[in-house]
Amino acid sequence: MALYSGWMMKEATRILPFDDAAIAEAARLVLAGQPVAVPTETVYGLAADATSAEAVARIYEAKGRPSFNPLIIHVSSLEDAELIGVVPATARHLLEMHWPGPLTLVVPLRAEAGIASIVTAGLDTVGLRVPAHPAMQALLRAVGRPLAAPSANASGAISPTRAEHVLKSLGGRIPLIIDGGATERGLESTIIAATGDRLRLLRRGPIDVPDAVTETRRKIEAPGQLASHYAPSKPLRCNVTEAAPDEFLVGFGDVAGDVSLSRSGDPVEAAARLFDLLHVADDAPQSRIAVAPIPDEGLGAAINDRLRRAAAPR
Ligand code: TXA
Ligand code: MG
């Protein structure tokens, strides 16, 4: 199949430390239609040219991701975002406050924007984000096109917060990983929909948007809300203060555990370490994972949301 006769599985994945030469090489690959892994302030993304359906198909190919999942498009500025989506006045203040940063806005797509329909999985809406990380910003400038980028992990696996996580999940399936060290936030962006009269919260994340209504309907609009989306390979139990002998315990605050999300009980530190420690737990000799209770406020609620999905039966 011509579409899939790309790079996959022919060479080893290269890792280059973030610098000008690495960005130039990443831009060359992206313009040649290849996806490359690049750090953002949230998690590592697998970035491809959003105007090329083949390039975006290679994201799905590398991730093994179901084709109905729409992807977030990354751009350099609010002005560039407005070339792709229709930003309503009700959302503008949010973007002015939080961009560049870990906030994704879902808005009506401009049909003339030239975005490959595979990016939005055929939807007439589009998720847009201006990332804050210098590596992703540099890549956007070097490529000069919008970049579709889901988290750089195999479908259903834990989101990567380090270059090594990407390598473990996608090694041999992508040509290049830009290594920018551990990501600052460690949680995917907050997703807000601005497609109706009111702002709606589609995914919790680092940014709190008090004037957005939480979706209560059962309808799944963002596939990231699927129960088992954020899942380690082992069974996971939440709210555990004493682990069973076959459990690896991820602690928090007073619950020490085998490792701790935050000994001081700081939800910001816990969020930044969450996926890292789920990877550690998944690699531990114990057959199950247990996680200590985390107060259900602010970022704690976002962490618990991730953990509930990881704990969901599948
Ligand atoms: O922090 C992040 O957002 C990271 C970094 C790489 O930017 N990206 C990320 O992408 O988490 P991904 O593909 O793993 O998650 C994107 C989420 C999915 O749940 C998807 O369904 C939702 O965004 N989404 C994208 N476009 C949408 C749309 N038009 N309507 C509803 N949901 C949408
Ligand atoms: Mg993901």
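Every number for a ligand or one of its atoms is a count from 1 in the order of the listing. It should be emphasised that the depicted structure is a prediction, and the values quoted were computed from it without experimental measurement.
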Salt bridge check: are Arg58 and Glu54 linked by an N-O gap of less than 4.0 Å?
->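 Yes, Arg58 and Glu54 are salt-bridged.
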
Are the charged groups of Arg145 and Asp49 less than 4.0 angstrom apart, N to O?
-> yes

Does Asp282 reach the main-chain N or O of Leu278 with its side chain, forming a donor-acceptor pair under 3.5 Å?
->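 No, Asp282 side chain to Leu278 backbone: no donor-acceptor pair under 3.5 Å.
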
Report yes or no: does Ser151 contribute a side-chain atom to a donor-acceptor pair with the main-chain N or O of Asn153 at less than 3.5 Å?
->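 Answer holds: no.
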
Val126 contact mode with ligand 1 (heavy-atom cut-off under 4.0 Å) | backbone

Which is it for Ser189 and ligand 1 at heavy atoms under 4.0 Å: side chain, backbone, both or neither?
-> both

Provide the number and element of each atom of ligand 1 under 4.0 Å from a heavy atom of [X].
X: Leu123; answer: 28 (C), 29 (N), 30 (N)
X: Ile191; answer: 17 (C), 22 (C), 23 (O)
X: His74; answer: 5 (C), 7 (O)
X: Ala149; answer: 6 (C), 8 (N), 10 (O)
X: Thr125; answer: 28 (C), 29 (N), 30 (N)

Which residue pairs pass the salt bridge (charged side-chain N to carboxylate O under 4.0 Å, His left out) test when at least one of the two sits in residues 245-261, sequence neighbours left out?
-> Arg237-Glu247, Asp246-Arg288, Glu247-Arg288

Of all residues at least two apart in sequence or in a different chain, which pass the ring-ring contact (aromatic ring centres under 6.0 Å, His included) check with His165?
->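 Testing His165 for ring-ring contact (aromatic ring centres under 6.0 Å, His included), a comparison that skips the adjacent residues, returns His279.
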
For Arg203, is the nearest heavy atom under 4.0 Å from an atom of ligand 1?
-> yes

Looking at ligand 1, does Arg185 have a heavy atom less than 4.0 Å from it?
->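 No, Arg185 has no heavy atoms under 4.0 Å from ligand 1.
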
Counting only heavy atoms not in Glu96, do more than 12 fall under 6.0 Å of its CD?
-> yes

Just go through Val38, Leu105, Thr42, Val106 and tell me whose heavy atom is the nearest to atom 30 (N) of ligand 1.
-> Val106

For Ser189 and Arg203, run side-chain hydrogen bond (donor to acceptor under 3.5 Å, both in side chains): C-alpha distance rounded to whole Å, both residues' side-chain angles, the deciding distance at 0.1 Å, then the answer.
-> CA-CA 8 Å; Ser189 61; Arg203 181 173 76 184; 3.3 Å; yes

Any N/O/S atom of Ser151 sitting less than 2.8 Å from the Mg ion (ligand 2), backbone or side chain?
->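 Yes, within the cut-off.
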
